[in-house]
Amino acid sequence: MQFERQDLELALRRSRIKHKAGHSMKSAPTEIVPLIHANPVPRSFYERDPEQVARAILGKLIVRSFQGEELAGRISEVEAYLGLDDPAAHAFVGRTERNAVLFGPPGFAYVYFIYGMHYCLNFSCQPEGHAGSVLIRAVEPVAGLHKMAELRGIPSTANAKALTGGPGKLCQALGITRMAHNGVDVTLPTSRLRVLDDGAKVGPIHATPRIGIRKAQDRLLRFLVS
DNA sequence: AAGCGGATCGTCT
DNA sequence: GACGATCCGCTTG
């Protein structure tokens with residue numbers, strides 16, 4: 001328990017240094033950032049346009065409590081889905097049993113199963129009654145890397161892209177499933193899946209068309225940090 | 001380095 | 001009954 005906390009602090013520190021230093025591997029001043037200083041992202045944060053939320057959520061931490069262990073990743077790539085006006089969004093067809101979370105209050109996990117094989121994680125945006133969401137496409141591994149690799153079925157924790165570098169990958173690495181996590185409130189500090197802000201600042205944000213989407217390719221709704 | 005196809009199933013037509 | 005907000009391994013260059 002004590003060991004896990006230290007492990008998490010170390011991992012957070014490494015993650016922050018990497019963000020500040022960019023690609024440079026030169027030594028940087030160490031900075032301890034205990035998890036206790038990472039605050040839940042409030043519901044009001046999500047109660048906006050998905051595009052705003054998508055940009056703002058980059059750099060936030062997704063923390064997953066898994067069998068007494070904390071698995072954490074820093075959000076590095078997202079896509080915005082706009083709801084009824086967006087032909088690429090699940091909500092476009094109107095409210096169904098599957099996409100009901102999108103029409104509910106903001107700050108809840110929308111998890112769906114895709115291609116008969118993978119789960120994808122979204123967070124609901126906008127006030128209740130209005131659909132819209134942010135798809136999490138990639139995170140940088142921060143804590144619990146060994147467990148992540150085990151869940152992914154790969155031997156090494158070294159390759160971040162192989163570990164959590166895709167929507168399906170990060171769900172597998174964090175042990176996220178539709179049955180366990182669809183509809184979970186991610187603003188609660190006690191949730192087994194939650195989003196925290198540790199104050200980390202992100203660099204320049206790149207915007208591109210969304211991946212795997214045929215419609216609305218003129219819209220730059222995919223956002224990633226370099 | 002990049003492109004192809006197979007795996008696999010819930011959801012809506 | 002078709003197909004998708006994907007991933008992986010195998011192919012080729």
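Reminder, nothing fancy here: chain letters follow the sequence lines and each chain counts from 1. In this text, all values refer to a predicted model and were calculated from it rather than measured experimentally.
Separating the NE2 atom of A:H118 from the C1' atom of C:dG4 is a distance of 11 Å, rounded to the nearest angstrom. The distance from atom CD1 of A:I213 to atom C1' of C:dT6 is 12 Å, rounded to the nearest whole Å. A:D86 has its CG atom 11 Å from the P atom of C:dA5, to the nearest Å. Between A:E97 atom CD and B:dT11 atom P the separation is 7 Å, expressed in whole Å. In this structure, the CD atom of A:E79 is 12 Å from the C1' atom of C:dT6, given to the nearest Å. The distance between atom NZ of A:K169 and atom C1' of C:dG9, rounded to the nearest whole Å, is 12 Å. Here the C1' atom of nucleotide C:dA5 and the CG atom of A:L121 are 12 Å apart, to the nearest Å. Taking atom CZ of A:F123 as the reference point, atom P of C:dA5 lies 19 Å away to the nearest angstrom.
The A:T96 side chain lies nearest to B:dC12 when the options are C:dC8, C:dG4, B:dC12. Nearest to the side chain of A:R152, among C:dA5, C:dC7, C:dC8, sits C:dC8. With distances taken from any side-chain atom of A:P167 to the nucleotides C:dG4, C:dC7, B:dT8, the minimum falls on C:dC7. Taking the side chain of A:R178 as heavy atoms from C-beta on, and the options C:dA5, B:dC9, B:dT11, the nearest nucleotide is B:dT11. Candidate nucleotides C:dA5, B:dT11, C:dT6 were compared by shortest atom distance to the side chain of A:R98, and B:dT11 ranks first.
Between A:E140 and A:K161, none of the side-chain N atoms (NZ, or NE/NH1/NH2) sits under 4.0 Å from a carboxylate O, so this pair counts as no salt bridge.
OP1 or OP2 of C:dT6 lies within a sub-4.0 Å distance of a side-chain N or O belonging to A:R137. Remark: A:K215 is not in phosphate contact with C:dA5, judged by side-chain N or O atoms under 4.0 Å from OP1 or OP2.
The neighbour count for A:R152 CZ, taken as heavy atoms of other residues, nucleotides or ligands under 6.0 Å away, is above 12.
You can call A:Y81 stacked on the base of C:dA5; the centres are under 5.5 Å apart and the planes sit within 30°.
If you look at A:H90 and A:Y81, their ring centroids are not closer than 6.0 Å.
When the nearest nucleotides of DNA chain B are assigned to A:V93 and A:F113 by heavy-atom distance, the more 5′-ward of the two goes with A:F113.
Residue side chain A:Y115 does not reach the base of B:dA7 through any donor-acceptor N/O pair under 3.5 Å, judged by distance alone.
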Legend entry - Test salt bridge (Lys or Arg N to Asp or Glu O under 4.0 Å) applied to A:D86 and A:R210, step by step: CA-CA 12 Å; A:D86 182 357; A:R210 292 172 292 188; 2.7 Å; yes
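Taking a pair to require two hydrogen-bonding distances under 3.5 Å in either a Watson-Crick or a G-U wobble arrangement, B:dG6 pairs with C:dC7.
Separation of atoms CZ (A:F123) and OH (A:Y46) is listed at 5.5 Å; rounding is to 0.5 Å.
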